Amino acid sequence: MTRWNAPSRAVTLLLVAATALAPAPAYSASAHPAAAPAPADPAPPAPGEPGAPAESDAPAEPGDPGDPAAPGDPAEPGAAPGEPLVPGVEGARVPEYPMDTPDQVLPPVPQDGSGGVVPVPEPEGEVDELVEYLPRSALAAACTAQAGPHQRRVERLLKLKVDGRQSTADCKAIRAFQVKEKIKPAKGYAGPVTWARAELLAARKNPNAAGKCPVTSSTVACVDLDRELMWVQKGKKVTFAVVNIRSGRPGYRTRTGWKKVYLRNKDHWSTLYNTPMPYSQFFDGGQAFHAVYGQLATPTGSRGCVNLSHADAKRLWGVLRKGDRVYI
């Protein structure tokens, strides 16, 4: 691992502090001509496409509960206020690097002046993506009476009565789904893993059934923030099967609209936090598709990037090319 020398790190920290204190101007391609995304092909922009607003680069607060409910979802009863969700299987959590996404607005820059490549580490072991997160108070129950943070979504996907309240019938149905899909522990709790799995299964046949991702003759990487899914299509043909993702948490939302892959680096390191971002494909400033080392479906979101499992990010690397379009 190559690290900065002290002077360059000090300058960087001063720049980060200045950015946080001063109003940030909109990103200008002319100010960064070498790293600016390529001009988009003629196409109608997505309605309401925002620019690149300045966002904080501060590290996550310990115990950040994340954003379990999608925009527009009503608040749902769940764990006791302030009760954090924890992996339901002891020792199942694989430690992640302290920051899994880089600076949010400006394009990335080489970590050292030499422009050399420092390989990112390979995963130390296989990650079990089917370990559910739930409150400790729900661990002892055979079938929990607590509604999970994704209660309404799971009820809808499992064709249950959608009321956001955990009934005995709901718990049994959710638990049966968890047993079938090997989600553990099978407590009937509608947590992030259960929701992610149910959403993925429902989308596999036709991820663009609702027609939210524009169909064009060119390759488009489609990102659905409501369902936390992404796929790649060319015309109506899906060229990269739908997979789960983790997008930006509150305050670090993944920016929406038409984008373009303008920089690819499979051995990228975050320029602010000196952490690896395997198979990075940047599409908007510092926001990129990239792999994470730990579990994907967790109670918190990313810092704006579109996170994928290591295996999925590696496959996506072989599908997308520089200049391919992204629709979020």
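Given the structure is predicted, the values throughout are model-derived calculations rather than measurements.
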Got a sec, which residues hit side chain to side chain contact (heavy atoms under 4.5 Å, CB included) with [X], two or more places apart in sequence or on another chain?
X	answer
Pro123	Tyr293, His310
Ala198	Leu157, Phe177
Lys184	Val89, Asp128, Leu130, Val131

Checklist outcome for this item: Applied to residues 136-173, the disulfide bond (SG atoms under 2.5 Å apart) test, sequence neighbours excluded, yields Cys143-Cys171
Kindly list each side-chain donor-acceptor pair under 3.5 angstrom involving residues 312-320, sequence neighbours excluded, with atom names and distances?
| unit_1 | atom_1 | unit_2 | atom_2 | d |
| --- | --- | --- | --- | --- |
| Asp312 | OD1 | Arg315 | NH2 | 3.1 |
| Asp312 | OD2 | Ser309 | OG | 3.2 |

Next on the checklist: Among residues at least two apart in sequence or on other chains, which ones pass salt bridge (charged side-chain N to carboxylate O under 4.0 Å, His left out) with Lys161?
Outcome noted: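 Once residues adjacent in sequence are excluded, Lys161 has no partner under the salt bridge (charged side-chain N to carboxylate O under 4.0 Å, His left out) criterion.
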Next on the checklist: Can you list everything that forms a salt bridge (charged side-chain N to carboxylate O under 4.0 Å, His left out) with Glu129? Sequence neighbours excluded, please.
Outcome noted: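 Checked Glu129 against salt bridge (charged side-chain N to carboxylate O under 4.0 Å, His left out); zero matches.
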Next on the checklist: Under 4.5 Å side-chain heavy-atom separation, chaining through any Ile, Leu, Val, Met, Phe, Trp or Tyr, what else clusters with Val215? Say none if it is isolated.
Outcome noted: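 None; Val215 is a cluster of one.
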Checklist entry - Linking Ile, Leu, Val, Met, Phe, Trp and Tyr through side-chain heavy atoms less than 4.5 Å apart, which residues share a cluster with Leu229? => result Leu200, Trp231, Val238, Val242
Next on the checklist: For Trp195 and His150, take the angle between the two ring planes, folded into 0 to 90°, and tell me which bin it lands in: parallel under 30, tilted 30 to 60, perpendicular over 60.
Outcome noted: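 The arrangement is parallel - the two ring planes meet at less than 30°.
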Item to check | Any residue meeting side-chain hydrogen bond (donor to acceptor under 3.5 Å, both in side chains) with Arg175, in chain and number order, not counting sequence neighbours | outcome: none
Checklist entry - What pairs with Asp170 under side-chain hydrogen bond (donor to acceptor under 3.5 Å, both in side chains), at least two apart in sequence or on another chain? => result Ser167
Checklist entry - Does any pair with a residue in residues 233-245 pass salt bridge (charged side-chain N to carboxylate O under 4.0 Å, His left out), and if so which ones, sequence neighbours excluded? => result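 Non-adjacent pairs meeting salt bridge (charged side-chain N to carboxylate O under 4.0 Å, His left out): zero.
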